[in-house]
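What you are looking at is a predicted structure, and each value in this text was computed from that prediction instead of being measured.
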Amino acid sequence: AQSVAQPEDQVNVAEGNPLTVKCTYSVSGNPYLFWYVQYPNRGLQFLLKYITGDNLVKGSYGFEAEFNKSQTSFHLKKPSALVSDSALYFCAVSNTGGFKTIFGAGTRLFVKA
Amino acid sequence: GAGVSQSPSNKVTEKGKDVELRCDPISGHTALYWYRQSLGQGLEFLIYFQGNSAPDKSGLPSDRFSAERTGGSVSTLTIQRTQQEDSAVYLCASSFQGASYGYTFGSGTRLTVV
């Protein structure tokens, strides 16, 4: 069975500083990994994905994530945070060829000016 | 349509009544998913449909919940004899063939059971 853990309920960072939102996963076979973002009063939006290839994937709004197979992690990163990045971030995993995607509990990111 | 459309956007119902939530996916998307997001919680998988295959119902929390997808397009999630713990935002998503393509989510239906 697939599972996703986001160990931090909340991450606080100052504007301009780098940010990291952590995610670890468990799945049989090779994983498909995703990050989604939910801004206040708006729907969930796809941010980036890892399917295969380069372990560092780049997505929307300057975000990137690094796939680490040995640590079963897929942490979300951004070199310089913006106040507008404040939102709820979800990590998700599905197994290779699968259609069922399991989401983590979410991490709320607060970026302070 | 341009996006995933869900209706109604808000629904208040009395405990014990049945409700139907509708999802209209993006045209051409063969996969459709239902998730539930309770206040302050993550997304709970409910069910997915892929083409003509049998749906994966493994996430439905009880037999009061059911869903169907007609003609490979519109889907309806039905909750019978609603309970207060059913109060949540019900999200629908669709994708082109499968999870690897990423999902497009609708704005959700906020269900309140009073």
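Taking the side chain as every heavy atom from C-beta outward, A:Cys23 and A:Val4 approach each other to under 4.5 Å.
Heavy atoms of A:Leu88 lying under 4.5 Å from chain B belong exclusively to its side chain. Neither the backbone nor the side chain of A:Gln45 comes within contact range of chain B; no heavy atoms are under 4.5 Å apart. Neither the backbone nor the side chain of B:Ile47 comes within contact range of chain A; no heavy atoms are under 4.5 Å apart. Residue B:Thr104: no heavy atom, backbone or side chain, is found under 4.5 Å from chain A. Interface remark: B:Tyr103 contributes backbone and side-chain atoms alike to the contact with chain A (heavy atom separation under 4.5 Å).
When ring centroids are compared, A:Tyr36 and B:Phe105 come within the 6.0 Å threshold.
Residues of residues 49-59 of chain A lying under 4.5 angstrom from chain B, judged on non-hydrogen atoms, are A:Lys49, A:Ile51 in numerical order.
Evaluation of the salt bridge (Lys or Arg N to Asp or Glu O under 4.0 Å) rule for B:Lys11 yields no partner, not counting sequence neighbours. Listed by chain and number, the residues in a salt bridge (Lys or Arg N to Asp or Glu O under 4.0 Å) with B:Asp86 are B:Arg64 (sequence neighbours excluded). Partners of B:Glu68 by salt bridge (Lys or Arg N to Asp or Glu O under 4.0 Å), not counting sequence neighbours: none found.
Distance CZ/A:Phe46 to CH2/A:Trp35: 13.0 Å, rounded to 0.5 Å.
Below 30°, between 30° and 60°, or above 60°: for A:Phe34 and A:Tyr32 the angle between ring planes is above 60°, a perpendicular geometry.
Checked for salt-bridge contact, A:Arg108 and A:Asp9 miss the test: no charged N lies under 4.0 Å from a carboxylate O.
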